[in-house]
Amino acid sequence: MSQVILLDDKSVIEALSKVQPGLQKYLHIRNLIYNVDVSKSAEFKQAFNGFYRMRQRSQLFYDTFYRFMEENKYQSPTFEQALNFLFKELDRVEASFSSKLAATINPDHPIIRRNISEYRFSECLKGRFCFVADS
């Protein structure tokens, strides 16, 4: 049975004020993606890395990630395409960042949180049977 939650104006305004800083950062990223070369723009990379907390990666990872994003931003790559590309290029399973890449280009794509088992994706990419589900 579904439950209806009614919010008064004060609650809505309070909730919006809490999400406003993050929403502004997100909208800045969405605006930049189609107005800069994301593989070269320090502003875009700083905004994306900060918003999605993408830290402590090698320069090769960043170069590969942003090159793929730039080359595919008008084709709206899927999570699977980004995941497979990063695995092929870097021999790394980057489920969370693959989903963030796809969702930044196309907000209709979901974002996969890092707490989903990277091992399960790794087994899928190596051609083994797998079932991905939260445990």
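Note that this is a predicted model, so its numbers are computed, not measured.
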Closest approach of [X] and [Y], non-hydrogen atoms and distance?
X: Ile33; Y: Met69; value: CD1-SD, 4.1 Å
X: Phe51; Y: Tyr26; value: CZ-CB, 3.7 Å
X: Arg57; Y: Tyr62; value: O-CE1, 3.2 Å
X: Lys73; Y: Tyr34; value: O-OH, 3.4 Å
X: His109; Y: Ala103; value: O-CB, 3.4 Å
X: Gln81; Y: Ser76; value: OE1-O, 4.4 Å

For Gln46, does the CD atom have more than 12 heavy-atom neighbours from other residues, nucleotides or ligands under 6.0 Å away? no
For Asp8, does the CG atom have more than 12 heavy-atom neighbours from other residues, nucleotides or ligands under 6.0 Å away? yes
Going by distance alone, is a donor N or O of one side chain under 3.5 Å from an acceptor N or O of the other, for Ser96 and Lys100?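 Side chains of Ser96 and Lys100: pair found under 3.5 Å.
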Would you say Gln59 and Asp63 are linked by a side-chain donor-acceptor pair, where the criterion is simply a distance under 3.5 Å? yes
Backbone N or O of Ile105 within a donor-acceptor pair of the Arg30 side chain at under 3.5 Å?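 Checking the backbone N and O of Ile105 against the side chain of Arg30, a donor-acceptor pair under 3.5 Å is found.
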If hydrophobic clusters are built by linking Ile, Leu, Val, Met, Phe, Trp and Tyr wherever their side-chain heavy atoms come under 4.5 Å apart, do [X] and [Y] end up in the same one?
X: Val19; Y: Ile29; value: no
X: Phe68; Y: Leu83; value: no
X: Leu27; Y: Leu101; value: yes
X: Met54; Y: Phe85; value: yes

Check ion pair Glu14-Lys10 (N to O, under 4.0 angstrom):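 No, no charged N to carboxylate O under 4.0 Å.
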Audit row: Glu43, Val36, side-chain contact (heavy atoms from CB on, under 4.5 Å) steps and yes/no: CA-CA 9 Å; Glu43 180 184 7; Val36 301; 5.5 Å; no
Start with the C-alpha distance between Lys45 and Phe65, add both sets of side-chain angles, then the distance that settles side-chain contact (heavy atoms from CB on, under 4.5 Å), and finish with yes or no. CA-CA 10 Å; Lys45 291 175 186 181; Phe65 183 89; over 6 Å; no
Intermediate values then yes/no, side-chain contact (heavy atoms from CB on, under 4.5 Å), Asp37 and Phe44: CA-CA 9 Å; Asp37 179 334; Phe44 179 84; over 6 Å; no
Rounded to the nearest 0.5 Å, the OG1 atom of Thr78 sits from the CG atom of Asn84 at a distance of 8.0 Å
To the nearest 0.5 Å, what is the distance between CZ on Phe97 and CZ on Phe79?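 Going from CZ on Phe97 over to CZ on Phe79, the span is 13.0 Å.
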Validation row: Ile111, Tyr52 side chains within 4.5 angstrom (heavy atoms):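 Yes, side chains in contact.
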